Amino acid sequence: MFVGLGNPGDSYAKNRHNVGFMVIDSLNAYMEGEHKKVIPLSQRSQIKLLQATVIEYPPHALLAKPLVFMNDSGLAVKRLIGRFKTPLNDLYIIHDDLDIPLGEYKIQKAKGPALHNGLLSVENELGSNDFVRIRVGVDNRDQNLRVPGEVYVLQNFAKDEEEKLGIVISKIVEEITKTWQ
């Protein structure tokens, strides 16, 4: 189960905080694109369920975007893993990370940024931090004019940042899906 964290609504769509949703959208495009022969379309369904948009690609993946705000993500994640009986070692949470520069990412189990309210919500609801995080770097702040993190993540990516973002999202999708072929 891959869950991208973000905030619902068009006004947040291009925010740094929504990079988890962006990765889910790219994974979905990958699955629907040239690789759709791997998973027949008849086996794919999209539903709004348990406070999340869920897209199933059996047997490879379940993609989800919570329909709740970032700080309440744990509620949706808990319901999703309960409904789909997903063990924590099969849970991947995709999120923005200010501890990592824009254009970089890390895939790590039980490790995350110093402070991320979406992750804290997930950990609190699950009673565990024993799941994989796909940490997508979004920090591109000027060291001399540093904007506070809580303000910065709610800003849209600048045009010049979008190319770097597209490259790193492609790398993440490639790494995630390389075992599905």
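The structure displayed is predicted, hence computed values, not measured ones.
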Could you give the side-chain donor-acceptor pairs of residues 66-77 under 3.5 Å, partners two or more places apart or in another chain?
residue: S73; atom: OG; partner: M70; partner atom: O; Å: 2.7

pair [X]-[Y]: side-chain heavy atoms closer than 4.5 Å:
X	Y	result
D25	K65	yes
D97	K106	no
Q155	V147	yes
E104	K171	no
I176	Y30	no

Note to self: Can you tell whether the side chains of E161 and K14 come within less than 4.0 Å, N to carboxylate O?
What the structure shows: no
Which heavy atom of [X] sits nearest a heavy atom of [Y], and at what distance?
X	Y	result
F131	L91	CB-O, 3.7 Å
F21	N7	CE2-O, 3.5 Å
L80	A64	CD1-CB, 3.7 Å
V173	T177	O-OG1, 2.7 Å
Y152	L98	CD2-CD2, 3.6 Å
I24	G4	CG1-N, 3.5 Å

Check: Are I100 and I172 connected in a single hydrophobic cluster, I mean Ile/Leu/Val/Met/Phe/Trp/Tyr linked by side-chain heavy atoms less than 4.5 Å apart?
Finding: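 The answer is no; the residues belong to distinct hydrophobic clusters.
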Next item on the list: Tell me, with the steps shown, if H95 and R135 meet side chain to side chain contact (heavy atoms under 4.5 Å, CB included).
Entry: CA-CA 6 Å; H95 62 88; R135 304 170 58 195; 3.5 Å; yes
Note to self: Using the rule given for side chain to side chain contact (heavy atoms under 4.5 Å, CB included), can you reason through I94 versus M22, listing the C-alpha separation, both sets of side-chain angles and the distance that settles it, and then say yes or no?
What the structure shows: CA-CA 9 Å; I94 307 165; M22 294 173 196; over 6 Å; no
Which value, rounded to the nearest 0.5 Å, describes the distance between [X] atom [atom1] and [Y] atom [atom2]?
X	Y	atom1	atom2	answer
Y92	I134	OH	CD1	7.5 Å
L154	H17	CG	NE2	5.5 Å
N124	K78	CG	NZ	10.5 Å
L5	D96	CG	CG	8.0 Å
I107	E175	CD1	CD	4.0 Å
L165	R16	CG	CZ	9.5 Å

Note to self: side chain to side chain contact (heavy atoms under 4.5 Å, CB included), that's the test. Do L102 and F157 meet it? Break it down for me.
What the structure shows: CA-CA 10 Å; L102 177 68; F157 285 100; 3.8 Å; yes
Check: Can any side-chain N or O of S170 pair as donor or acceptor with the backbone N or O of G166 at less than 3.5 Å?
Finding: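 Checked: pair present.
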Next item on the list: Determine, stepwise, if the pair N15 / N156 fulfils side chain to side chain contact (heavy atoms under 4.5 Å, CB included).
Entry: CA-CA 4 Å; N15 285 182; N156 288 348; 2.7 Å; yes
